[in-house]
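One structure below.
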Amino acid sequence: PSVRDSGGKEKHGHITRKGDSMMRSILGRTLNQFIMHAKDSSVMRYYDSHVDSTGKKKARIATMNKILDIIFAVLKRGTPYVYR
C-alpha cells in the first residue's frame, strides 16, 4: 500500500503496482495453483476469509503477500514448508 505523510499525519492509500512485475506474475501463478489444488490449506483459509470483506482482487494481493511471508520464513529458518 502507498503511504503519504506530512506534518505528522499519515495517509494510507491504495495498493500500488510498484515492484517487480515478474514476481507478481509468479506469485499470481502460485496462488492459482493453491486455488486449484490446495483447497484445505492455511493459505486458502486466509484467502477465503478475506474475499468476503475486501473482494477478490484485494484478497488475492493479501494472499500473495502471505505466500511471500511463508517463503521468507522457510528460507530464513532453513526448514521445509509444512502443509497444514
Please table the atom pairs, donor to acceptor, closer than 3.5 Å between any side-chain atom in residues 62-75 and protein atoms at least two apart or in another chain.
| unit_1 | atom_1 | unit_2 | atom_2 | d |
| --- | --- | --- | --- | --- |
| Thr63 | OG1 | Ala59 | O | 2.7 |

Less than 3.5 Å apart, which donor and acceptor atoms pair up between the side chains of residues 19-34 and the rest of the protein, not counting sequence neighbours?
| unit_1 | atom_1 | unit_2 | atom_2 | d |
| --- | --- | --- | --- | --- |
| Asp20 | OD1 | Met22 | N | 3.2 |
| Arg24 | NH1 | Arg17 | O | 3.1 |
| Thr30 | OG1 | Ile26 | O | 2.8 |
| Asn32 | OD1 | Arg60 | NH1 | 3.3 |
| Asn32 | OD1 | Arg60 | NH2 | 3.2 |
| Asn32 | ND2 | Gly28 | O | 3.4 |
| Gln33 | OE1 | His37 | NE2 | 3.4 |

Output side-chain donor-acceptor pairs under 3.5 Å for residues 39-48, partner residues at least two apart or in another chain, one line each.
| unit_1 | atom_1 | unit_2 | atom_2 | d |
| --- | --- | --- | --- | --- |
| Lys39 | NZ | Ile35 | O | 2.7 |
| Asp40 | OD1 | Tyr83 | OH | 2.5 |
| Ser41 | OG | Ala38 | O | 3.0 |
| Ser41 | OG | Met44 | N | 3.3 |
| Arg45 | NH1 | Asp40 | O | 2.8 |

